[in-house]
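What follows is a single structure, written as structure tokens, with notes after it.
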Amino acid sequence: GITDIADTAQFLVAAPQALDFESPFGNLAGVWNAGIVLDVPGFGALALNEDVDDVGFLNAMADAIAEGYSLQEDRLYIAGISLGGFMTQRMACGAPDRYAAVASIMGTYALALPPCQPEKVLPIAHFHGTQDQVVTWNGGFVYGSQVIPVGLSVDSLISSWVQLHQSNPDPEYTLWPNTNNDSFWVEHYSFLDNMEQSKVELFKLNGGDHFWYDNQNTGGEIDLATEVWRFFNKQYYGATLVQEGITSIPTINIYPNPATQMLQIRVDQEVKQCLLLDMTGRQLAEWKDITRPVDVSTLPAGNYLLQMTMAKGYRGVVSFVKW
């Protein structure tokens with residue numbers, strides 16, 4: 001689902017795969033060196049791909065992408081699932097300098113790593129199922145009938161990040177509707193810093209297993225890709241632009257902002273297309289004529305994006321608030 005959002009919200013997606021790991025019990029596919037050490041009963045300590053410099057690899061990959069595209073360097077994000085979630089946590093603690101925010105799904109912070117004390121504290125969202133049968137809520141790895149401690153519990157992980165951000169430990173809490181009236185439902189916790197900004201968020205997937213949840217398989221109750229992007233995007237109130245060989249960048253002005261009834265759009269270049277998007281990149285409307293004010297009176301209150309494609313080829317996104 002991430003790539004579908006990227007196509008309309010206009011951001012780049014890079015999806016690296018970890019190297020395999022030859023364990024005494026056979027080949028394991030896609031194992032990041034996230035600092036995990038398994039204390040396997042009857043065998044002993046087993047460090048997963050401990051000789052692989054995955055921190056260096058991910059930073060080098062970001063360098064390589066930056067060489068080919070004109071990026072907003074303050075808008076590089078990392079998200080990972082399962083072992084990728086553990087690797088995301090390692091990057092947030094061990095190599096946060098170039099990144100803006102992280103999201104970990106079903107993977108916490110490895111116990112074998114030093115305590116997380118980064119000089120730059122990144123905003124973080126974490127997603128975890130209470131019935132995860134691979135990486136438990138308490139940070140254990142399920143191996144046969146054994147549960148091997150490998151990471152912080154979700155509660156400890158969130159508490160650690162709340163302390164690092166010096167956020168209010170009393171979160172804003174939302175119980176999401178269980179529209180399907182089944183054993184799966186979502187609780188959302190948002191921890192605000194001293195600027196009243198949400199820098200730590202927990203999505204507690206009650207009844208959730210080690211599984212990627214989207215609108216289709218939850219009946220519209222939650223879409224992980226959407227919530228990851230929603231969290232990332234609100235950490236930076238502005239546009240995500242990718243410029244390829246464009247030398248003439250237009251000036252785009254919109255007013256009033258916030259708007260209540262009509263929105264005036266002024267651009268110093270010819271506009272080929274103007275799309276109205278919500279903050280997940282979903283298209284809501286297309287406006288052919290923006291020389292006159294456009295009516296936004298029927299929009300619900302919230303944040304929106306305008307994606308404009310110029311006749312010269314430039315594509316830009318600007319945001320506005322509807323009151």
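As the structure is a computational prediction, the values presented were derived from the model and not from experiment.
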For A95 and N59, which heavy atoms make the closest approach, and how far apart are they?
CB-ND2, 3.8 Å
Would you give the length of the straight line joining atom CG of L38 to atom CD1 of I148, rounded to the nearest 0.5 angstrom?
5.5 Å
Begin with the C-alpha distance, continue with both residues' side-chain angles, and end with the deciding distance and a verdict on side chain to side chain contact (heavy atoms under 4.5 Å, CB included) for M106 and D132.
CA-CA 8 Å; M106 310 173 211; D132 195 312; 3.8 Å; yes
Does some side-chain heavy atom of V37 sit less than 4.5 Å from a side-chain heavy atom of L48?
no
When rounded to the nearest 0.5 Å, the distance separating CG of L202 from CZ of F127 is 9.0 Å
Is any side-chain heavy atom of S190 less than 4.5 Å from a side-chain heavy atom of P171?
no
Hey, any chance V134 and L111 share a hydrophobic cluster, counting ILVMFWY side chains that come within less than 4.5 Å of each other, even indirectly?
yes
Within the 3.5 Å criterion, strictly below it, is a donor on D289 or T291 matched to an acceptor on the partner's side chain?
yes
Value rounded to 0.5 Å, distance of CD1 in I105 from NE2 in H126
8.5 Å
Verify same cluster id: M61, L83 (apolar side-chain graph, 4.5 Å):
yes
Looking only at atom types and distance, does a side-chain atom of N33 sit under 3.5 Å from a main-chain N or O of V52, one as donor and one as acceptor?
yes
Within a reach of under 6.0 Å around CH2 of W212, are more than 12 heavy atoms found that belong to other residues, nucleotides or ligands?
yes
Do Q273 and V271 make a side-chain contact, defined as non-hydrogen atoms from C-beta onward lying under 4.5 Å apart?
no
Do V150 and F86 have side chains that get closer than 4.5 Å, going by heavy atoms?
yes
Is there a side-chain contact between L164 and C116, using heavy atoms and a 4.5 Å cut-off?
yes
Audit row: K199, H165, side chain to side chain contact (heavy atoms under 4.5 Å, CB included) steps and yes/no
CA-CA 7 Å; K199 298 299 183 183; H165 277 283; 3.6 Å; yes
Tell me whether E221 contacts the main-chain N or O of N180 through its side chain, where contact means a donor paired with an acceptor under 3.5 Å.
yes
Name the orientation class of the two ring planes belonging to W176 and F203 (parallel below 30°, tilted from 30 to 60°, perpendicular beyond 60°).
perpendicular
Taking all non-hydrogen atoms of both residues, which atom of G56 and which atom of D53 are closest, and how far apart?
N-OD1, 2.9 Å
Is there a donor-acceptor contact under 3.5 Å from the side chain of D182 to the main chain of F184?
yes
Would you confirm whether T130, through its side chain, and G207, through its main-chain N or O, come within 3.5 Å as a donor-acceptor pair?
yes
Same apolar cluster: L175 and F191, side chain cutoff 4.5 Å
yes
Worked check of side-chain hydrogen bond (donor to acceptor under 3.5 Å, both in side chains) between D214 and N217
CA-CA 6 Å; D214 56 30; N217 56 43; 3.1 Å; yes
So, does K322 use its side chain to make a donor-acceptor pair with the main chain of A301 at under 3.5 Å?
no
Can you check whether Y99's main-chain N or O pairs, donor with acceptor, with K120's side chain at less than 3.5 Å?
yes
CA sep, side-chain torsions, deciding dist, call: E270, K272, salt bridge (charged side-chain N to carboxylate O under 4.0 Å, His left out):
CA-CA 6 Å; E270 180 184 354; K272 182 179 179 181; over 6 Å; no
What class does the angle between the rings of Y213 and F211 fall in, given that below 30° is parallel, 30 to 60° is tilted and above 60° is perpendicular?
perpendicular
Are the side chain of S160 and the backbone of S156 linked by a donor-acceptor contact shorter than 3.5 Å?
no
Please evaluate residues E187 and Y173 with respect to the criterion side-chain hydrogen bond (donor to acceptor under 3.5 Å, both in side chains), reporting the C-alpha separation (whole Å), side-chain torsions for both, the decisive distance (0.1 Å), and the verdict.
CA-CA 7 Å; E187 292 177 283; Y173 170 78; 2.5 Å; yes
Of all the heavy-atom pairs spanning G1 and A225, show the shortest one and how long it is.
C-CB, 3.7 Å
Atom CD1 of I252 and atom CG of L306: how far apart are they, to the nearest 0.5 Å?
8.5 Å
Donor-acceptor contact present, side-chain Q235 to main-chain S198, <3.5 Å:
yes
Write down the atom of A34, the atom of A110, and the distance for their closest heavy-atom approach.
O-CB, 3.5 Å
Ring-ring centroid check W229 F11, cutoff 6.0 Å
yes
As a quick check of understanding, evaluate side chain to side chain contact (heavy atoms under 4.5 Å, CB included) for I65 and D63, giving each step before the final call.
CA-CA 6 Å; I65 295 171; D63 290 338; over 6 Å; no
Would D74 and R98 pass as an ion pair if we require N to O under 4.0 Å?
no
With heavy-atom distances below 4.5 Å as the criterion, would you say the side chains of L192 and S167 are in contact?
no
CZ/F320 to CG/L299 distance, rounded to the nearest 0.5 angstrom?
5.5 Å
Following the transitive rule for hydrophobic clusters with a side-chain heavy-atom cut-off under 4.5 Å over Ile, Leu, Val, Met, Phe, Trp and Tyr, establish whether Y255 and V296 coincide in one cluster.
no
Under the side-chain hydrogen bond (donor to acceptor under 3.5 Å, both in side chains) criterion, do W161 and E201 qualify, and how do the steps go?
CA-CA 10 Å; W161 282 106; E201 295 189 16; over 6 Å; no
Under 3.5 Å donor-acceptor, N233 side chain and R230 backbone:
no
Does a donor on one side chain sit under 3.5 Å from an acceptor on the other, for Q166 and D193?
no
I need the minimum non-hydrogen distance between S82 and H210, along with the two atoms involved.
OG-NE2, 2.8 Å
Straight-line distance of Y109 OH to S104 OG, nearest 0.5 Å
12.5 Å
Side chain to side chain, L76 and L71, heavy atoms closer than 4.5 Å:
yes
Less than 6.0 angstrom from the centroid, inside 45 degrees of the normal: does K204 satisfy that with respect to the ring of W137?
yes
Would you check if Y143 and V40 make a side-chain contact, meaning some heavy-atom pair closer than 4.5 Å?
yes
Tell me whether N49 contacts the main-chain N or O of V31 through its side chain, where contact means a donor paired with an acceptor under 3.5 Å.
yes
Smallest heavy-atom separation, P118 atom then A92 atom, equals CB-O, 3.9 Å
Say whether D295 and S297, considering side chains only, have a donor N or O and an acceptor N or O under 3.5 Å apart.
yes
Do M87 and L113 land in one hydrophobic cluster if side-chain heavy atoms of ILVMFWY residues count as linked below 4.5 Å?
yes
For side chain to side chain contact (heavy atoms under 4.5 Å, CB included), just list the numbers for M308 and I290, CA-CA rounded to whole Å, side-chain angles, deciding distance to a tenth of an Å, and then say yes or no.
CA-CA 10 Å; M308 281 170 278; I290 60 171; 4.3 Å; yes
Please determine whether a side-chain nitrogen of the Lys or Arg among R75 and E73 lies less than 4.0 Å from a carboxylate oxygen of the Asp or Glu.
no
